[in-house]
Every structure is written in structure tokens, then in C-alpha cells.
Amino acid sequence: MRSTDTSRPPAPGLRPPPRPGVAGPAGLLLLATALLAATCLVGACSGGRTAPARPAAAAAPTRATHPPAGAGPAGPAKGRHLVAQAVVPEITWFATPDTGAPQGRLANPNREGVPLVFAVEERRAHWLRVQLPVRPNGSRGWLRAEDTQVTETPYDLRGDRSAHRLTVLRDGAVLARLPVGIGTGGTPTPSGEFYLTELLRPTDPNGPWGPYAFGLSGFSDVITQFNGANGIIGLHGTNRPDLVGTDASHGCIRLRNEDIEKLAGILPIGTPVSIER
């Protein structure tokens, strides 16, 4: 089904991306530094021949946020979401706070050289409950807060698969509604709660992935291996704008190039992405 939004111009509230630069607390402008990460992401999305990509600087998050001295829980400001960037060489996660049995570990940066970032769902004095960028989709765990630096993002994304639409919100208010292409019946876009993990810039901005591609924390339910990676789902541009608004991808979310360019300029890594079931 083609969305009636496909002919609408980009929303005026989305500003074009800034020139590449480094800013933000503790280097939370996350760089996707590895060629392997780029080829695995965009290849799994489009199913075609892979192509190299360059690192891209994500938009800066808001200021670092700290829990009150002494103890208790601390949440984000209204309409905002907490993001944690790893500041240690290895992140260990646990099933519950204060447990002595680790449930898993992730190297920071990971094997592709990408620094780790997490969407935070709950914050206690010394612990963070986060979404984990691992299979199965929906995995959660507790991290030691001291192993991360926490900031806030005012943005979140909501995907509606039946309407082929991506809604962009800032501080809880709708900023834009954008038409998207999604996965086919055989390679559907997974539903659930995810977040942006990296930003890549393909070397050919007119190629099948457009000028930018965000990696998500989610994975395809069908494609489990591609070029040695794990079927990562992405949010990227396209050289087939006529297919935006249809079921056409291998699971990734495709946008018009002018829309992904603007999102690349405003969305920090760690921004939550909710895809309707």
C-alpha cells in the first residue's frame, strides 16, 4: 500500500544537517568508524552489493545529566529520553541491580570500532536499565552507571508500518511526519522498541542507501547473517524514491534522501525508535 504522504514536501521543522564537526559532552558525537560496520548494515538493508561508507558525526545530545547526590532514582526532563555512552573498555550487564552474576559483556568500541551507546529506560543511583543492541530484539539489562556518561535527547521516532509513516517528535510534540518504505512480507521490518546506534555516510550519496544511514539496535527476524554480521536493521535514504511508501526493503526503513539528510543533522545517537506492532 502506498502512503498518501509520498508526495508531501519535507516538513519545514526539520533543519538541514550541520557541517561535520565534533561537539557535545565527552565526545558523545558518535562516529561509526569501521568499514565492516558500514557494509554489513547497508548490505543487509538492501540486499545488494555492499559499498564502503565514511564516518559521519551525529547531532549533539543535550547536556550531561546526573542523579541527585546521595541516592534515589532520577529520570529525564519531561518529553526527553536518557542516553548512556560507555566510558570503559568493556560493558557488563546484569539481570538485576547488585547481582553478582553477569549476563553478558560488550566490548567498547565493538569489533567494528563503533563506540557503545544505550537507550536508558530506568535510572537508579548506581544502576541503569537499558535496551541492549543484541539478539533477541527486546533484550534489556542493568549496567553500572559509573561505566557510562548519561545525557538527554529531546527526540524520538515512531514508525507506523501500516501507514508507511515515520513521525518525528521533539519534547513530545510532533515535528514532522515522513513517508517511508518498509520490509516486504518475506523480509518484514521488525516491530518493537529500538534506538539509533550509529550514523554512516555511504561513499555514493546517490546509491541504494542514499547520503546517510542510521544503524538501529534491532535485527531482522529473517536475515540472521550477512557479510559476517547479524542482520542489523537500518534507517537510510534510497535511490528509488518511487518505492518510498511501499513494502520494498529487506527490513530496513527507507526515506527520501532529503528527509534522511535532515534527520542526520538533528538526531543524536541513542534516540529511541518505536515501530508499531
Colleague: Could you check Leu128, Val134, Val130, Asp147 and say which one makes a side chain to side chain contact (heavy atoms under 4.5 Å, CB included) with Trp93?
Modeller: Val134
Colleague: Contact between Asp259 and Pro179 at the side-chain level, heavy atoms closer than 4.5 Å - yes or no?
Modeller: yes
Colleague: Looking only at heavy atoms, what is the nearest atom pair of Pro188 and Val222, with distance?
Modeller: CD-CG2, 3.9 Å
Colleague: Are Phe214 and Ile260 close enough that some pair of their side-chain heavy atoms sits under 4.5 Å apart?
Modeller: yes
Colleague: Hey, could you give me the OG1/CG distance between Thr224 and Asn230, rounded to the nearest 0.5 Å?
Modeller: 7.0 Å
Colleague: How many angstroms lie between atom CZ of Arg256 and atom CG of Leu243, to the nearest 0.5 angstrom?
Modeller: 13.5 Å
Colleague: If Ile, Leu, Val, Met, Phe, Trp and Tyr residues are connected whenever their side-chain heavy atoms lie under 4.5 Å apart, and connections chain through other members, are Leu169 and Ile253 in the same group?
Modeller: no
Colleague: Please answer: with hydrophobic residues joined when any side-chain heavy atoms are less than 4.5 Å apart, are Val88 and Ile269 in the same cluster?
Modeller: yes
Colleague: According to a 4.5 Å side-chain heavy-atom criterion applied to Ile, Leu, Val, Met, Phe, Trp and Tyr, with indirect links allowed, do Val168 and Val273 form part of one hydrophobic cluster?
Modeller: yes
Colleague: Does any N or O in the side chain of Asp156 come within less than 3.5 Å of the main-chain N or O of Pro272, such that one atom is a donor and the other an acceptor?
Modeller: no
Colleague: Grab the two heavy atoms, one from Ala95 and one from Gln103, that are nearest each other, plus how far apart they are.
Modeller: N-CG, 3.3 Å
Colleague: Give a yes or no on whether Val174 and Ile266 share a hydrophobic cluster (residues Ile, Leu, Val, Met, Phe, Trp, Tyr; joining criterion: side-chain heavy atoms under 4.5 Å apart).
Modeller: no
Colleague: For Asn137 and Gly218, which heavy atoms make the closest approach, and how far apart are they?
Modeller: OD1-CA, 3.4 Å
Colleague: Quick one, Leu267 and Leu157 - any side-chain contact, counting heavy atoms below 4.5 Å?
Modeller: yes
Colleague: Working to the nearest 0.5 angstrom, can you tell me the gap between Leu178 CG and Lys262 NZ?
Modeller: 9.5 Å
Colleague: Hey, is the main chain of Ser162 close enough, under 3.5 Å, to the side chain of Asp160 for a donor-acceptor pair?
Modeller: yes
Colleague: Determine whether a donor-acceptor pair (N or O, by modelled atom type, separation under 3.5 Å) exists between the side chain of Thr189 and the backbone of Gly183.
Modeller: yes
Colleague: Is there a side-chain contact (heavy atoms from CB on, under 4.5 Å) between Glu152 and Leu82 once you walk through the steps?
Modeller: CA-CA 5 Å; Glu152 294 177 357; Leu82 296 180; 3.7 Å; yes
Colleague: Looking at every non-hydrogen atom in both residues, tell me the closest pair between Ala248 and Arg254 and how far apart they are.
Modeller: O-NH2, 3.5 Å
Colleague: For the residue pair Asp171 and Arg80, establish whether any side-chain heavy-atom pair is separated by less than 4.5 Å.
Modeller: yes
Colleague: Any side-chain to backbone donor/acceptor pair from Thr153 onto Tyr155? Under 3.5 Å, distance only.
Modeller: yes
Colleague: Write down the atom of Pro202, the atom of Pro211, and the distance for their closest heavy-atom approach.
Modeller: CD-O, 3.4 Å
Colleague: Quick check: do Leu216 and Tyr195 have side-chain heavy atoms less than 4.5 Å from each other?
Modeller: no
Colleague: Quick check: closest heavy atoms across Gly270 and Ala119, and the distance to 0.1 Å?
Modeller: O-CB, 4.2 Å
Colleague: Tell me whether Trp142 shares a hydrophobic cluster with Val120, the cluster being built from Ile, Leu, Val, Met, Phe, Trp, Tyr side chains joined at under 4.5 Å.
Modeller: no
Colleague: Evaluate the side-chain hydrogen bond (donor to acceptor under 3.5 Å, both in side chains) criterion for residues His164 and Asp247: first the C-alpha distance (whole Å), next the side-chain angles of each, then the deciding distance (0.1 Å), finally the verdict.
Modeller: CA-CA 8 Å; His164 295 85; Asp247 299 353; 2.6 Å; yes
Colleague: Give the ring-plane orientation class for Phe94 versus Trp127, where under 30° counts as parallel, over 60° as perpendicular and anything between as tilted.
Modeller: perpendicular
Colleague: Can a donor-acceptor pair be found, under 3.5 Å and without considering hydrogens, that links the side chain of Arg135 to the backbone of Asp221?
Modeller: no
Colleague: Working to the nearest 0.5 angstrom, can you tell me the gap between Ser217 OG and Leu196 CG?
Modeller: 8.5 Å
Colleague: Using a strict 4.0 Å threshold on nitrogen-to-oxygen distance, state whether Glu121 and Arg129 make a salt bridge.
Modeller: yes
Colleague: Please tell me if the side chains of Arg140 and Gln131 come closer than 4.5 Å, counting only heavy atoms from C-beta onward.
Modeller: yes
Colleague: Could you give the distance from CZ (Arg177) to CZ (Arg158), rounded to the nearest 0.5 Å?
Modeller: 10.0 Å
Colleague: So, does Thr184 use its side chain to make a donor-acceptor pair with the main chain of Thr187 at under 3.5 Å?
Modeller: yes
Colleague: Quick check for you: to the nearest 0.5 Å, what is the distance between Thr203 atom OG1 and Trp209 atom CH2?
Modeller: 8.5 Å
Colleague: State, with a plain yes or no, whether a side-chain heavy atom of Leu235 is found less than 4.5 Å away from one of Leu255.
Modeller: yes
Colleague: Can you tell me if Arg161 uses its side chain to pair, donor with acceptor, with the backbone of Glu276 under 3.5 Å?
Modeller: yes
Colleague: Between Leu166 and Leu263, does the side-chain contact (heavy atoms from CB on, under 4.5 Å) criterion hold? Intermediate values first, please.
Modeller: CA-CA 11 Å; Leu166 183 71; Leu263 292 184; 4.1 Å; yes
Colleague: Any side-chain heavy atom of Asn257 sitting closer than 4.5 Å to one from Pro241?
Modeller: no
